[in-house]
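Ligands are counted one by one from 1 in listed order, and the atoms in each one are counted from 1 as well. Given the structure is predicted, the values throughout are model-derived calculations rather than measurements.
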Amino acid sequence: MPPKNNRIIILDTTLRDGEQTPGVNLNLSEKLEIAKQLEALGVDIIEAGFPASSPGDFEAVRAVSQNVGCAVAAFCRCVGDDIQKGWQAVKYSKKPRLHVFIATSEIHMQYKLKMTKEEVLKRAIDGIRLAKSLCEDVEFSCEDASRSSPEFLYQVLERAIDAGATTVNIPDTVGYAMPDEFGALIGGIAKNVPNIAKAVISVHCHDDLGLAAANTLSAIGNGARQIETTVNGIGERAGNCSVEEVVMAIETRAKYFNISHGIDTTKIYRASKRVSKLTGVPISIYKSVVGRNAFAHESGIHQHGVMANPMTYEIMTPQSVGKTESTMVLGKLSGRHAFVDRLEAMGYSLSQDEIDNAFARFKDLADKKKNITDSDLDAIAGSIANIPEYYTLDNFQIQSGNKMHAMASVVLLHKNEKFMEAAIGDGPIDAAYNAIARIVGGEWPLKSYEIDAVTEGMDALGEVIVRILHDGELHIGRGISTDVIDASIRAYVNAINRAMAKLARKD
Ligand code: KIV
Ligand code: ZN
């Protein structure tokens, strides 16, 4: 069967499958910011979360539905309560979608669901009917489709479409499929499901064998017209199909694919950086399209070729994905107006309080660093998240050496009062963290620590990302400064504030 039309629908699941990345724990304002980035990027549908999974997810789906103009999907099992909650959360959207799923592979049915094929079929149809009674736009997914019997899939999909599914999604849940095999599965569905013309075929590929983008593109060649992706490919295990990889493949090989999409590719780089910052998941320097090295040319031969004609070694330009640095450099004498103008041009829209906070940090940095570039501004604006500041750093002193225990004394502000503690540790950062934990009280063990220079030069800004464990959950914290110890302390305090905010929401 020939594909229905030449426009690919992109359902972005950064906020649902992407948020399932281990250690990622976004708060509401971060989810809203990602949703805004996705809308600006031009995705057709934002899958905003799994409302029945937690009150936080429910709130996020509701808030995203109320704040973006594109379609919003709520993810639900084929279970009455999930679907009702999904609808309560997503019904505020201008274009709501309910996305219901159940597994169809032998191994999932037997061991996970402990259900027969007939029971799975019935549960799927009941779920779709209920969803359809609430919402016109219903997507149905056969979890682990690539390891399901094609004949069973044809049967389930035909019944699903009859029950009201308008999109049928074929996930390669465990990233097991090979591109030609997955393409053939999609081609088989297009050919053997009699009522398939009434629905859009969608695919959802995981990257366990590094084939998510290849499988997605192969499916498009065989009739899929919706693809499910995440920014930077974040997601369970090895992640999901990266939106930037498939979109830039379709763009760069436009004649080969002859297919259109709604993505503004010049917004890719910004979305990628924001998602990385907000989730705390770093981007590999080798990552296609958005990695730091994706447009870097080291060898003399390559540099010479690129200077003669960029197309010798560049199949796409950095500008086409929005990787540009403004030549306008801000410094010590730049005023608030120029600062706000530059941030707006970079795509930030901060509240008055956030601007005050960011501007103060800008002035602070400008005292230490002559030229402030876009990367510095990104680091400053990106670290101004809407987190209640239960504790803030007032000052610290550290003593350390190669033949002594490090000693730190830290003063934190809490409800306008100063609290001071001193502690020793295995190094200056450990000592400072011990002092902070004494002030706050309770257990705040550090689970991971990463440091990165976000800008270049001797006076570069360093960014520290930490994850701490508290109340059985990982909480991320970020801090930036030209001083690594200062950045480390800010990151730890930020993580504690986030954990406390989460606990307050739970209460
Ligand atoms: O990977 C998967 O199968 C999913 C759903 C679409 C069921 O995330
Ligand atoms: Zn998935």
Side-chain donor-acceptor pair present, His206, Asp17, cut-off under 3.5 Å: yes

His206, any N or O under 3.5 Å of ligand 1 N or O: yes

N or O pair under 3.5 Å between His204 and ligand 1: yes

Check ion pair Asp452-Arg292 (N to O, under 4.0 angstrom): yes

Sub-3.5 Å N/O-N/O distance, Ser141 and ligand 1: no

Side chain, backbone, both or neither: the part of Asp17 lying under 4.0 Å from ligand 1 by heavy atom: side chain

Ring centers of Phe75, Phe101 separated by less than 6.0 Å: yes

Salt-bridge criterion met for Lys31 and Glu19 (N-O under 4.0 Å): yes

Ligand 1 versus Glu236: contacting region, heavy-atom distance under 4.0 Å: neither

Ligand 1 atoms in contact with Asn169 (distance to a heavy atom under 4.0 Å): 6 (C)

Pair Asn232-Ser272, side-chain donor/acceptor within less than 3.5 Å: yes

Nearest-0.5 Å distance, SG of residue Cys205 to OH of residue Tyr176: 15.0 Å

Listed partners of Ala294 passing side-chain contact (heavy atoms from CB on, under 4.5 Å), at least two apart: none

Contacting atoms of ligand 1, where contact means under 4.0 angstrom from a heavy atom of Phe101: 7 (C)

Under 3.5 Å side-chain donor-acceptor pair for Glu228 and Asn240: no

N or O pair under 3.5 Å between Thr173 and ligand 1: yes

Donor + acceptor pair across side chains of Asp172, Ser146 (<3.5 Å): yes

Tally of protein N, O or S atoms, where distance to the Zn ion (ligand 2) is under 2.8 Å: 3

Ion pair Arg159/Asp162, N-O distance below 4.0 Å: no

Residue part near ligand 1, for Thr13, under 4.0 Å between non-hydrogen atoms: neither

N/O separation below 3.5 Å, Arg16 to ligand 1: yes

Separation between CD1 of Ile34 and CZ of Arg274, rounded to the nearest 0.5 Å: 8.5 Å

